[in-house]
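Quick caveat: nothing in here was measured; it's all calculated off a predicted structure. In each ligand, atom 1 is the first atom listed, and ligand 1 is the first ligand listed.
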Amino acid sequence: MRANYHTHTTFCDGEQSPADMAQAARAAGFDALGFSSHAPFPAGMPWGVQPEALEAYAAEIRRLQKVWAGTMDIHLGMEIDWFPPEIRPADGSFDALGLDYTIGSVHLVGFEGVKAFTVDGPSADLEAGIAAAGGARRVYREYYRRLGELILDGGFDILGHFDLVKKNNAGNRLFDEESRDYLDAALEAVALLKDRDLVVEINTGAMARGKRDEPYPSLALLQEMRAQGVRITLSADAHCAAHLGARREAARALAEAAGYSSIAVLREGRWTESPLSGS
Ligand SMILES: [Zn+2]
Ligand SMILES: [Zn+2]
């Protein structure tokens with residue numbers, strides 16, 4: 001089953017409408033498409049759905065669900081940030097929308113005395129954050145500390161882009177992803193996944209944007225997840241139609257390299273396994 005549960009549209013920071021994305025997904029051979037608009041953000045952070053548009057968003061995805069019934073499964077989801085106390089997936093803020101699933105993600109890191117910044121925005125933002133934090137080590141450790149908190153707090157189905165902090169770090173330009181210190185920070189968060197019943201995504205978003213030549217998470221982390229029995233899904237993190245299906249073969253190859261032979265798919269409200277070969 002060819003499924004993608006990580007899709008953005010003009011309701012948040014995506015470039016195309018849900019209807020156009022559904023059309024493109026079907027043309028790219030998808031059997032299932034989940035919409036995961038960014039949840040509304042704290043003031044000053046513009047990329048989420050505007051609170052007053054939430055109901056229209058849900059209504060439009062439900063409409064498409066009917067349009068595509070029998071051809072492609074459409075699911076209503078949301079990507080919810082970990083940025084307590086303002087927002088956390090477990091706080092139930094969007095329960096009234098009757099979402100089919102949610103993605104929990106960390107994009108923002110902040111420190112005492114340092115304004116919160118995104119690790120995956122323009123590289124200059126991350127570099128300024130690193131300078132303000134007094135070094136990259138403090139930033140990646142804080143990123144994984146927050147990711148660990150998100151995992152323990154729960155309230156979501158899919159854990160978004162596990163090692164997003166590496167997005168702007170091609171060629172190890174800001175920190176060494178092979179270093180013991182970096183891997184220890186990441187693996188500490190991986191260890192928290194054990195028995196959590198979360199699905200981790202293999203996410204090709206940075207590849208589709210030409211930012212990295214490998215998906216999230218890196219092979220070393222994925223192998224450890226596999227050893228712990230963590231389930232996976234393959235995600236485009238699509239912000240436009242061209243991202244749908246882009247670099248899908250790289251995601252599949254990574255899953256295979258880590259020893260996976262199946263992926264988790266959403267069927268009648270439950271995450272069930274489907275062969276990787278048909279994904
Ligand atoms: Zn994200
Ligand atoms: Zn996303």
Side-chain angles (χ1 to χ4, degrees), residues 3-18 21 24-25 30 32-42 45-50 54 57 61 75-83 86-89 94 99-110 116-123 125-126 129 140 143-144 146-147 149-151 155-169 189 198-212 215-218 221 232-248 251 266:
N4 169 53
Y5 301 105
H6 200 148
T7 312
H8 298 282
T9 72
T10 44
F11 275 98
C12 54
D13 60 348
E15 292 171 19
Q16 276 154 288
S17 69
M21 292 300 271
F30 282 91
L33 182 67
F35 287 94
S36 58
S37 280
H38 289 289
F41 258 73
M45 309 247 173
W47 59 86
V49 181
Q50 296 305 306
L54 278 171
Y57 166 62
I61 306 309
H75 302 283
L76 171 61
M78 189 164 273
E79 183 176 11
I80 305 175
D81 256 73
W82 173 258
F83 195 66
E86 283 93 335
I87 184 167
R88 35 187 279 270
F94 310 105
L99 301 171
D100 300 325
Y101 72 98
T102 54
I103 300 174
S105 294
V106 175
H107 301 98
L108 285 162
V109 166
F117 58 92
T118 56
V119 297
D120 63 321
S123 188
D125 291 1
L126 174 63
Y140 66 66
Y143 171 81
Y144 284 115
R146 287 177 181 241
L147 195 70
E149 285 184 335
L150 167 65
I151 291 166
F156 58 97
D157 301 280
I158 298 172
L159 181 61
H161 36 59
F162 191 89
D163 46 1
L164 184 71
V165 71
K166 76 179 182 187
K167 181 175 177 184
N168 288 302
N169 192 46
L198 290 173
V199 174
V200 168
E201 61 171 10
I202 295 183
N203 177 315
T204 49
M207 298 182 83
R209 290 175 190 73
K211 284 286 201 170
R212 294 295 307 237
Y216 312 108
S218 66
L221 304 182
I232 54 161
T233 180
L234 309 187
S235 287
D237 203 346
H239 285 70
C240 64
H243 292 166
L244 287 163
R247 313 309 298 270
R248 185 90 172 172
L266 193 52

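- Checked by atom type and distance alone, the side chain of Y5 pairs as donor or acceptor with a backbone atom of L266 at under 3.5 Å.
- By the salt bridge (charged side-chain N to carboxylate O under 4.0 Å, His left out) test, E149 is found to be paired with R145, residues two or more places apart in sequence or in another chain being considered.
- Judged by distance alone, with hydrogens and angles left aside, the side-chain atoms of R146 form no donor-acceptor pair with the main-chain N or O of V106 at under 3.5 Å.
- The side-chain heavy atoms of D237 and H8, taken from C-beta on, include a pair separated by under 4.5 Å.
- Of all protein atoms, those of element N, O or S that lie under 2.8 Å from the Zn ion (ligand 1) number 3.
- Shown here for P215 and K166, the closest heavy-atom pair between the two residues is O-NZ, 3.1 Å.
- In terms of modelled atom types and a separation under 3.5 Å, the side chain of E201 and the main chain of H161 share a donor-acceptor contact.
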